[in-house]
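For reference, the structure is listed below as structure tokens.
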Amino acid sequence: MAISIISAKQFVLKLKATIQSSGRLGFTGETGNHLHLSERAGVKFAKDDEKDVLYLIIIDTPSEDAFELRSSGGYYFTETSRLFDYLGYDYSKGNIMFDLIRQDNLDEQLGGEAYMMKPRKKRKENKDDINRD
């Protein structure tokens, strides 16, 4: 029997990525540091059509199949508007946020450090925020 201890340290930092209204996928500074993002690395995406799950894969070296990472003002981003248009995400009305959940069991299969992109649910509108006639 194989038993492994799961450390609470793995779950202290909430890793997140956001599709901005421009279509760029941006990473917070904390997430970028934790993922060891750099302009020498790249990101790939994979989609499990059966489960309707999107995966982000961090790769160490550039590839034709990967999106380039860029940095600005302490955070990283990649130009992904065409990808998210293709996947049907409507980011034009505002940011779409994802929590990144580590999926180390998929690293070998996906060819890099794999993360499930779990969409954040939108908050319910506050009654006071609704415009009234």
Do [X] and [Y] have side-chain heavy atoms sitting under 4.5 Å apart?
X: L100; Y: M117; answer: yes
X: I57; Y: V43; answer: no
X: R120; Y: K16; answer: yes
X: F27; Y: L15; answer: no
X: L54; Y: Y89; answer: yes

Hey, could you give me the [atom1]/[atom2] distance between [X] and [Y], rounded to the nearest 0.5 Å?
X: L25; Y: L56; atom1: CG; atom2: CG; answer: 7.0 Å
X: T31; Y: K14; atom1: OG1; atom2: NZ; answer: 11.0 Å
X: N33; Y: L35; atom1: CG; atom2: CG; answer: 9.0 Å
X: Q109; Y: Q103; atom1: CD; atom2: CD; answer: 11.0 Å
X: S81; Y: Y91; atom1: OG; atom2: OH; answer: 4.5 Å
X: R24; Y: E79; atom1: CZ; atom2: CD; answer: 4.5 Å

Is a salt bridge present between K47 and D52, judged by a nitrogen-to-oxygen distance below 4.0 Å?
yes
Using the ring of each side chain (for Trp, its six-membered ring), is F84 parallel, tilted or perpendicular to F98, with breaks at 30° and 60°?
parallel
Where the side chain of T18 meets the backbone of Q20, is there a donor-acceptor pair that is under 3.5 Å apart?
no
Are F45 and F67 an aromatic pair by the rule of ring centers under 6.0 Å?
yes
Name of the residue among N95, I96, L87 meeting side-chain contact (heavy atoms from CB on, under 4.5 Å) with I19
I96
Which residue is it: Y75, Y76, F77? I am looking for the one with a side-chain contact (heavy atoms from CB on, under 4.5 Å) to L37.
Y76
In terms of heavy-atom contacts, A66 and I59 come closest through CB-CD1, 3.4 Å
Please name the pair of heavy atoms, one in E39 and one in S71, separated by the smallest distance, quoted to 0.1 Å.
OE2-OG, 2.8 Å
Step-by-step side-chain contact (heavy atoms from CB on, under 4.5 Å) determination, L110 to K44:
CA-CA 9 Å; L110 297 179; K44 290 182 176 181; over 6 Å; no
Just checking D48: does its CG atom have more than 12 heavy atoms from other residues, nucleotides or ligands closer to it than 6.0 angstrom?
yes
Just by distance, with hydrogens left out, do T78 and E68 show a side-chain donor and acceptor under 3.5 Å apart?
no
Can D107 and R102 be said to form a side-chain contact (heavy atoms from CB on, under 4.5 Å), step by step?
CA-CA 10 Å; D107 288 357; R102 186 71 170 98; 2.7 Å; yes
